[in-house]
Amino acid sequence: MKRYSVLAIAREALRGHLGWARAGASPAPRAHYDVVIAGAGGHGLATAYYLGKNHGIRNVAIVEKGWLGGGNTGRNTTIIRSNYLQDPSAAIYEKSRSLYETLSQELNYNVMFSPRGVMMLAQTQHEVRGYQRTAHANALQGVATAYIGPQKVKELCPIIHIDGPRYPVLGALWQPRGGTARHDAVAWGYARACSDMGMDIIQQCEVTAVRQSQGRVTGISTTKGDIACDKLGIVVAGHSGELARMAGFRLPVESLALQALVSEPIKPCMDVVVMANTVHGYMSQSDKGEMVIGGGTDGFNNFTQRGSFHHIEETVRALIETFPMLSRLKMLRQWGGIVDMTGDRSPIISPTPLGNCFINCGWGTGGFKAIPGSGWAMADLMARGTPGPLAAAFGLDRFRAGRFIDESVAAGVAH
Ligand SMILES: Cc1cc2nc3c(=O)[nH]c(=O)nc-3n(C[C@H](O)[C@H](O)[C@H](O)COP(=O)(O)OP(=O)(O)OC[C@H]3O[C@@H](n4cnc5c(N)ncnc54)[C@H](O)[C@@H]3O)c2cc1C
């Protein structure tokens with residue numbers, strides 16, 4: 001793989017950019033692979049990447065029904081943080097956040113990780129106590145967060161109105177090394193690295209059936225023909241229930257459209273990420289200047305992957321009390337993605353009833369931040385057949401045993 005560098009860019013600028021190699025191959029599927037991953041979102045691609053890098057398994061195909069990163073990975077509001085409450089969550093999200101710190105160098109692809117700091121506003125006494133508790137838990141887990149008061153909030157984010165009539169800002173849970181990254185670049189960077197290791201990324205290739213014999217997967221049927229494999233990884237987020245149905249088991253997952261929107265671009269006015277979970281909205285400013293705003297989920301299960309009109313008004317109305325300047329902004333675009341919600345709002349990284357089939361899903365509204373850590377843990381699971389320390393608590397069996405990892409406060413509505 002040709003490395004990107006300042007020198008390479010200067011050289012190519014002088015020769016009309018004719019020397020760049022293609023970023024990835026576009027192969028037809030082969031008859032057999034050691035591993036097939038269904039879903040070329042961030043989690044599927046990261047799984048393939050760490051299978052190759054950490055375990056030397058490179059005869060891998062990643063099959064994608066649409067285009068690379070065209071699911072939730074390319075639709076999210078890119079918030080990265082690891083300030084969760086429970087130990088297993090803090091471990092995997094912090095692993096992920098720390099991998100983000102050096103991901104651009106690792107993949108030789110600028111994923112624009114921007115650790116600008118994330119604050120979750122406390123706007124009720126309940127939230128004050130909840131976030132103080134999380135800050136204490138994070139201290140024990142080795143995750144660097146702090147509970148800060150309203151004056152510090154104002155100092156870090158001057159456009160916040162801290163004395164709102166209904167929900168004044170009482171403080172915030174602050175993670176200084178949280179932030180954002182460029183979502184498409186995360187998918188493209190992993191894809192380029194996978195392709196460079198000789199893996200096949202096959203787009204426009206929908207899985208239509210999971211073929212099996214005697215309790216094991218033998219391969220998949222796709223819109224580009226049958227592909228045999230020794231192991232199958234299902235990593236299709238909002239469509240996990242569909243793939244599980246094809247494989248013959250049920251998942252405790254619901255699919256819902258989650259909404260987001262951006263404003264017209266304005267001058268830089270906010271260099272942190274702010275989440276206001278009581279009024280329910282969160283916001284950051286993109287490099288282009290747009291205010292990137294996240295809303296809630298639709299109130300009913302669906303696979304529409306579209307913006308729902310009423311969310312614009314509801315979300316902006318909720319945020320205006322805390323950010324009065326929003327009332328002057330025009331909204332530019334709105335969209336939705338199908339998120340896969342579990343009851344305890346924690347993910348599933350698990351073996352399945354089929355011996356050589358593994359599933360990674362349930363990241364719901366907050367899986368972008370988890371892409372590197374999740375890929376690392378899923379690759380470990382698929383290579384060894386049993387979950388390693390990062391994935392051990394996230395098995396499907398927890399729903400049967402009642403060992404829930406309740407992150408409904410940290411992950412239920414916010415990201
Ligand atoms: C509006 C919105 C805002 C969000 N904001 C944040 C945020 O700020 N921070 C955060 O951490 N998370 C956020 N998330 C959640 C995050 O985007 C997801 O959890 C994460 O991207 C999931 O990645 P994935 O790779 O599992 O899924 P996806 O990126 O959805 O990839 C799954 C892929 O599987 C493919 N697929 C489906 N069915 C098949 C099939 N039959 N055959 C082949 N391929 C198939 C799909 O086409 C898709 O490309 C947000 C999500 C949305 C929708």
Side-chain angles (χ1 to χ4, degrees), residues 36-48 61-82 84 93 96-97 100 118 178-181 183-184 186-187 190 201-210 220-224 233-247 255-262 273 275 282-284 292-298 303 305-308 311 315 334-341 347-349 359-371 373-375 378 410-411 413-415:
V36 167
I37 307 282
H43 289 257
L45 291 163
T47 301
I62 305 115
V63 295
E64 164 57 50
K65 78 169 178 178
W67 67 95
L68 191 63
N72 294 340
T73 299
R75 294 165 187 270
N76 69 82
T77 47
T78 77
I79 298 174
I80 295 169
R81 61 186 176 85
S82 57
Y84 283 69
Y93 287 108
S96 197
R97 199 206 56 76
Y100 263 118
V118 174
T180 59
H183 47 10
D184 300 316
V186 173
Y190 274 119
I201 300 169
I202 306 157
Q203 301 180 68
Q204 307 293 326
C205 180
E206 178 172 357
V207 179
T208 53
V210 174
I220 51 171
S221 301
T222 75
T223 46
K224 290 192 173 177
I234 298 176
V235 198
V236 294
H239 291 87
S240 301
E242 285 292 289
L243 267 281
R245 185 183 50 74
M246 291 178 203
S255 295
L256 290 144
L258 177 67
Q259 303 289 328
L261 56 149
V262 291
V273 181
M275 301 168 60
Y282 47 96
M283 195 161 77
S284 64
V292 181
I293 300 172
T297 46
D298 286 354
F303 288 95
Q305 211 162 240
R306 274 201 308 254
S308 295
H311 272 277
T315 306
Q334 185 201 10
W335 66 93
I338 306 305
V339 295
D340 39 343
M341 308 289 284
I348 295 167
I349 307 173
I359 189 152
N360 178 327
C361 66
W363 294 97
T365 59
F368 175 68
K369 64 177 74 64
I371 285 172
S374 153
M378 179 72 172
V413 290
H415 313 296

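Just follow the structure's listing: the first ligand is 1, and inside any ligand the first atom is 1. Just so it is clear, the model here is predicted, and its values are computed rather than measured.
Here's the thing with Trp67: none of its N/O atoms is less than 3.5 angstrom from an N/O atom of ligand 1. Residue contacts with ligand 1: Met246 is placed with no nitrogen or oxygen under 3.5 Å of a nitrogen or oxygen of the ligand (distance criterion only). Where the criterion is an N or O separation shorter than 3.5 Å, residue side chain and backbone included, Thr77 meets it with respect to ligand 1. Between Thr73 and ligand 1, at least one pair of N/O atoms sits closer than 3.5 Å. For ligand 1, one of its N or O atoms has an N or O atom of Ile79 under 3.5 Å away. At least one N/O-N/O distance between Lys65 and ligand 1 falls below 3.5 Å. Checking only distances, Val207 does come within under 3.5 Å of ligand 1, N or O to N or O. Not a single N or O atom of Gln259, backbone or side chain, sits closer than 3.5 Å to an N or O atom of ligand 1. When only interatomic distances are considered, the shortest N/O to N/O separation between Ala38 and ligand 1 does not fall below 3.5 Å.
Taking 4.5 Å as the limit, every side-chain heavy atom of Trp363 sits out of range of all side-chain heavy atoms of Ser240. Counting heavy atoms from C-beta on, the side chains of Thr315 and Gln259 never come closer than 4.5 Å. Residues Leu68 and Leu45 form a side-chain contact, since some pair of their non-hydrogen atoms from C-beta on lies under 4.5 Å apart. Thr47 is not listed as a side-chain neighbour of Tyr190, based on a closest heavy-atom distance of 4.5 Å or more. Taking the side chain as every heavy atom from C-beta outward, Arg97 and Lys369 never approach each other to under 4.5 Å.
Close approach of ligand 1 to Arg75 is summarised as follows: ligand atoms under 4.0 Å from at least one heavy atom of the residue are 1 (C), 2 (C). For ligand 1, the atoms closer than 4.0 angstrom to any heavy atom of Gly42 are 25 (O). The Ala260 neighbourhood of ligand 1 comprises atoms 1 (C), with distances under 4.0 Å to a heavy atom of that residue. The Gly364 neighbourhood of ligand 1 comprises atoms 15 (C), 19 (O), with distances under 4.0 Å to a heavy atom of that residue. Every atom of ligand 1 with a heavy atom of Val63 under 4.0 Å away is listed here by number and element: 43 (C), 44 (N). Of all atoms in ligand 1, numbered sequentially from 1 with element shown, those under 4.0 Å from a heavy atom of Cys205 are 43 (C). Distances below 4.0 Å separate heavy atoms of Val235 from the following atoms of ligand 1: 32 (C). Distances below 4.0 Å separate heavy atoms of Gly337 from the following atoms of ligand 1: 53 (C).
In this structure, Glu206 and Thr223 approach most closely via the heavy-atom pair N-OG1, 2.8 Å. Closest approach of Gly39 to Ile62, counting heavy atoms only: O-CG2, 3.6 Å. Here the closest non-hydrogen pair linking Ala46 and Ile371 is CB-O, 3.5 Å. Between Val210 and Leu243, the closest heavy-atom pair is CG2-O, 4.3 Å.
Note that CZ of Arg245 and NE2 of His239 are 11.0 Å apart. Values are rounded to the nearest 0.5 Å.
Ring geometry for Phe368 versus Tyr100: interplanar angle of 30 to 60°, hence tilted.
Neither the backbone nor the side chain of Leu45 comes within 4.0 Å of ligand 1, counting heavy atoms alone. Neither the backbone nor the side chain of Thr222 has any atom closer than 4.0 Å to an atom of ligand 1 (non-hydrogen atoms only). Only the side chain of His239 comes within 4.0 Å of ligand 1, judged by heavy-atom distances.
Side-chain contact annotation: His311 with Asp298, donor-acceptor N/O pair under 3.5 Å present.
At least one heavy atom of Gly366 sits closer than 4.0 Å to an atom of ligand 1.
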